[in-house]
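Just so it is clear, the values below take in all heavy atoms, side chains as well, and ignore hydrogens, waters and symmetry mates. In this text the structure is predicted, and so the values were computed from the model without any measurement.
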Amino acid sequence: MKLTHRLSAWCAAALMAAAPLGALAQDTAPAPAPAPAAQPAPEPPKAPAPPPEAAKAPEPAPAPAEAAKPAEAAPTTEDLVKRITDIEAYFGNVAPSADGKVAVAGPGHNGFMMICAALVLFMTLPGLALFYGGLVRSKNVLSVLAQCMGIAGLVTILWYVCGYTLVFGEHPAEGAPSYAPFLGSMKYLFLDGVGGAPNTNYTGWPSHSTFAMYQLMFAIITPALIIGAIAERMKFIAVLLFVTLWMFIVYFPLAHMVWGFDGYLNGVWNSGAKVPAIDFAGGTVVHMSSGWSALVLCLILGKRLGFGKEKMAPHSMVLVMVGTGMLWVGWYGFNAGSALAADGIASQAFMTTTLAAAVGGFVWALVEWIHKGHPSILGFCSGIVAGLVVITPACGFVTAKGAMIIGVLAGLIPYLSVMFLKPILNMDDALDTFGVHGVGGTLGAIMTGILATDKVNANLISETYAKKNGLAELVTNGGLLGAQLKAVVITIILSVVATAVIAFVVKIIVGLRPTPEVEAAGLDISEHGEEGYII
């Protein structure tokens, strides 16, 4: 239907609704039915005569006439056009026009994003905490829970003070500083100016405050992933100091580069991106950064006491399975929510996430069955998480077929990394953080460059951004893989170099490891004064 036809229909409906009810009734009401035959009415009783005093009472003065209220003016055609434009923008998840901008969030999209934010927090607390907690020995289970909760509190404080603005603070179009592609401005220091109205530089209809909290949940889980590589052997104070420095040097700059308004690697939403790479939900920002940092940190930290000599099996596979289920459920907020609206792209991400996770878990267990002679619960759980990791950067850009391919590779490549690369590197990656998140995140970024298609997501060839920074041409001509590889290299260099420097700084200031006696007794009772299980 042409726009003029839609306008005519909407205008007619609106004018009908605005017409006075009396006039509408005169024009449309059916003729009244004939009245029933009249019955003789009984004679009314006579009123008693008033007393003489009442007869002499003066008549009350007539009440002054009420001031006539001006009739509401019917909406003009221009008003109706603006209203229709905003309605269509709402359903299409497009920001309202400048002359018809709204001061409140769209309730459906906003509610969806609040739920997604809660789901991403659910991934860390309790999902990741239980997943990692079950994988360690019983004497260290509480240390993992404490690290997850401590990181949640610490990162939230940093996010409030300056983290959010360092990632998403916009620079002026004219006169932006030279560092603008790598770090945000101080515009939202202490979340000043972050309120209920949408910030249309990032979202069309969810409120700015909802967007800020949604992104906070990503900032919380990313450093929490690192602790899987150094579990059972790093002091709590060292973890907190490391995370503080790491957020400023690695996470905030990288997140701005990939998702920021004028980010260096933001090919989808920055028309001036120098490297037009794509990352739908955090393959580089979350999984590669944490995975490669985990590799470096565990190498610097060294192996656990007794590693290779003592049995260090997971103390509760039940907790691991429960944590895996929570991660899978929460991941829908992580991936589908990254569409930043309850729209078709969110639905596509929901589907591809499901396919990759299920296939990844099945393939990992199948390969383990062939290799070791049995499919373990740990194998299923590791494969599910690997599938979720690898699909993350691609989930809103690939078809169902692409998701199935990613699921197969996610169950195979990280498995080979855990089984064969880890022994070659001779490292104690306690909970396989590098094998799953480092290798899986890198694989996901590369596969995104191969499988992404504008048939799923038209933003890949948009006139406003993608055709100006070259992304559209890369997608159309098959050159996106090159941009993805550049983003991979930048992420690895930043994560590896920065983590090495930070680790040595922390080692000098507070030390990295507890004493051998504390480590042997377990971090739960030594550092937190509690035990996970009292027998």
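- Here the closest heavy-atom approach between residue Ile461 and residue Ala472 is recorded as CA-CB, 3.6 Å.
- When the side-chain hydrogen bond (donor to acceptor under 3.5 Å, both in side chains) test is applied to His109, no partner is found at least two apart in sequence or on another chain.
- Taking each heavy atom of Val250 and Ala498 in turn, the nearest pair found is CG2-CB, 3.5 Å.
- Here Val155 pairs with Ile151, Leu216, Ala219, Ile220, Pro223, Val243, Met247 under the side chain to side chain contact (heavy atoms under 4.5 Å, CB included) rule; sequence neighbours left out.
- The main-chain N or O of Thr499 is never found under 3.5 Å from a side-chain atom of Trp292 such that the two would form a donor-acceptor pair.
- Scanning for side chain to side chain contact (heavy atoms under 4.5 Å, CB included) contacts around Ile115 gives Leu119, with sequence neighbours left out.
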>> Run Thr464 and Ser462 through side-chain hydrogen bond (donor to acceptor under 3.5 Å, both in side chains) and show every step you take.
In response: CA-CA 5 Å; Thr464 308; Ser462 74; 5.2 Å; no
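- Side chains of Phe397 and Thr453 form no contact here, defined as non-hydrogen atoms less than 4.5 Å apart.
- Taking the six-membered ring where the residue is Trp, the centroids of His171 and Tyr179 are separated by under 6.0 Å.
- When atom types are taken as modelled, the side chain of Ser290 and the backbone of Ile226 share no donor-acceptor pair closer than 3.5 angstrom.
- Contacts classified as side-chain hydrogen bond (donor to acceptor under 3.5 Å, both in side chains) and involving residues 213-223 (residues at least two apart or in different chains) are given here: Tyr214-Ser338.
- The side-chain hydrogen bond (donor to acceptor under 3.5 Å, both in side chains) contacts involving residues 476-486 comprise nothing, where partners must be two or more places apart or lie in separate chains.
- Note that OG1 of Thr399 and CG of Asn457 are 12.5 Å apart. Values are rounded to the nearest 0.5 Å.
- Judged by distance alone, the side chains of Trp246 and Ser289 never bring a donor and an acceptor atom under 3.5 Å apart.
- Shown here for Pro126 and Met326, the closest heavy-atom pair between the two residues is CG-SD, 3.4 Å.
- Checked by atom type and distance alone, the side chain of Asn270 pairs as donor or acceptor with a backbone atom of Gly263 at under 3.5 Å.
- Across Ser207 and Ala105, no two heavy atoms sit closer than the pair N-CB, 3.6 Å.
- In this structure, the side chain of Gln147 does not engage the main chain of Ala224 through any donor-acceptor pair within 3.5 Å.
- For the side-chain hydrogen bond (donor to acceptor under 3.5 Å, both in side chains) condition, the pairs that include at least one residue of residues 273-288, sequence neighbours left out, are Asp279-Thr284, His287-His437.
- Every side chain to side chain contact (heavy atoms under 4.5 Å, CB included) that Pro276 has, sequence neighbours left out, goes to Asn469, Leu471, Leu474.
- The shortest distance between side-chain heavy atoms of Tyr264 and Ile490 falls below 4.5 Å.
- A donor-acceptor contact shorter than 3.5 Å links the side chain of Tyr202 to the backbone of Phe261.
- For residues 456-466, the salt bridge (Lys or Arg N to Asp or Glu O under 4.0 Å) pairs, not counting sequence neighbours, are Glu463-Lys467.
- Side-chain atoms of Ser495 never come within 3.5 Å of backbone atoms of Ile492 as a donor-acceptor pair (strictly under, hydrogens ignored).
- For the atom pair CD1 of Ile446 and CG of Leu480, the computed distance is 12.0 Å after rounding to the nearest 0.5 Å.
- The shortest heavy-atom contact between Asn459 and Ala466 is O-CB, 3.7 Å.
- Applying the salt bridge (Lys or Arg N to Asp or Glu O under 4.0 Å) test to Lys187 and every residue at least two apart in sequence or in another chain returns Glu170.
- Using a 4.5 Å heavy-atom threshold, the side chains of Val268 and Tyr465 count as separate.
- With sequence neighbours left out, Trp328 forms a side-chain hydrogen bond (donor to acceptor under 3.5 Å, both in side chains) with Tyr332.
- With hydrogens and angles ignored, the 3.5 Å screen pairs a side-chain donor or acceptor of Asn266 with a backbone N or O of Gly260.
- Between Trp331 and Thr392, the side chains place a donor N or O and an acceptor N or O closer than 3.5 Å (distance only, hydrogens not considered).
- For Leu191, the side chain to side chain contact (heavy atoms under 4.5 Å, CB included) criterion is met by Tyr160, Tyr164, Val194, Met213, not counting sequence neighbours.
- Legend: salt bridge (Lys or Arg N to Asp or Glu O under 4.0 Å) pairs involving residues 150-159, not counting sequence neighbours: none detected.
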